Amino acid sequence: APAVSLGLVNKVVRYLREQAFIEEVEDEGLRLRDPLGLLKEWCEAYRFDRHWRRTYFTLLQGRKLQELLAPLESVTGGHAAYAVFSAAEFQAPHVRQSKTWLYLGSNYEHEIGKLPDVKEVDTGENLVVYFPEDDGVFYGQEGDHHGRLPSTNPIQTYLDLFHCGGRGQEAAEALLEQKLKPLWKLH
């Protein structure tokens, strides 16, 4: 879990309450009142360009590539996850993209160089690795963890898709409709 001070938590709760994104529920604490409004505001403030990006090429695809990347989870202690379009592909099946997208903790950049059949390239990449400014992108990862890396949580995936360019906003909308809104109805 991210390490934050109690003072920061109080400031965030006060802001969320003032903006009517949360409400107090007797005997339950706080409840999110306007998840879509909060997501849209968060999206406006999010800076995807702060993540450092490296691009690679590999002939491996599909299951073979998943198997090659899977050990990164244990090597990095949870600081490796499918991101952007790759995460969305697991979370909203109608989202497809030909590249594999990952987040990898910045302390583990050298691990990509150790992988066989993966070469850094300037153009023609099919593996895009982002090294995040902070570890918050790894919070709340999801996935079955059986033979593949986990994915960023759906909120992180949405934010990244919305800001990555290309057809990212269209994919973010698909994720919102197929994954996030159904989840919000459950709570």
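As the structure is a prediction and not an experimental result, all values here were calculated from the model. Keep in mind that the numbers below use all heavy atoms, side chains included, and drop hydrogens, waters and symmetry copies.
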Contacts of Gln169 meeting side-chain hydrogen bond (donor to acceptor under 3.5 Å, both in side chains) (sequence neighbours excluded), chain-then-number -> none
Donor-acceptor contact present, side-chain Thr58 to main-chain Asp117, <3.5 Å | yes
Are any of the side-chain heavy atoms of Trp184 and Leu176 separated by less than 4.5 Å?
-> yes
State whether the number of non-hydrogen atoms from other residues, nucleotides or ligands found under 6.0 Å of Trp42 atom CH2 is greater than 12.
-> no
Less than 4.5 Å apart, any side-chain heavy atom of Val84 and any of Thr152?
-> no
Write down the atom of Leu149, the atom of Ala70, and the distance for their closest heavy-atom approach.
-> CD2-O, 3.8 Å
Got a second to check how far Lys11's NZ is from Ser5's OG, nearest 0.5 Å?
-> 7.5 Å
Output all residues satisfying side-chain hydrogen bond (donor to acceptor under 3.5 Å, both in side chains) with Glu173, sequence neighbours left out; order by chain, then residue number.
-> none
Nearest heavy-atom contact between Phe138 and Gly105 is CZ-N, 3.5 Å
Evaluate whether atom CG of Asp122 has more than 12 neighbouring non-hydrogen atoms of other residues, nucleotides or ligands under 6.0 angstrom away.
-> no
Lys119 atom NZ, over 12 foreign heavy atoms within 6.0 Å | no
Around atom CZ of Arg167, are there more than 12 heavy atoms of other residues, nucleotides or ligands at under 6.0 Å?
-> no
Considering residues at least two apart in sequence or located in another chain, which fulfil the side chain to side chain contact (heavy atoms under 4.5 Å, CB included) criterion with Glu23?
-> Val25, Arg31, Arg33
Quick one: does Arg50's side chain get under 4.5 Å of Asp134's, heavy atoms only?
-> no
Are there more than 12 heavy atoms of other residues, nucleotides or ligands under 6.0 Å from atom NZ of Lys64?
-> no
Would you call the rings of His51 and Phe48 parallel, tilted or perpendicular if under 30° counts as parallel and over 60° as perpendicular?
-> perpendicular
Where is the tightest heavy-atom contact between Pro132 and Tyr103, given as atom of each residue plus distance?
-> CD-CD2, 4.0 Å
Identify the heavy atoms of Ala81 and Gln141 that sit nearest to each other, and give their distance.
-> CB-NE2, 3.7 Å
Could you tell me whether the side chain of Thr100 reaches within less than 4.5 Å of the side chain of Tyr56, counting heavy atoms only?
-> no
What is the ring orientation for Phe21 with Tyr15, classed by angle as parallel under 30°, tilted 30 to 60°, or perpendicular over 60°?
-> tilted
Is the closest side-chain donor-acceptor distance between Tyr130 and Asp160 under 3.5 Å?
-> no
When you check the side-chain N and O atoms of Thr157 and Gln91, is any donor under 3.5 Å from an acceptor?
-> yes
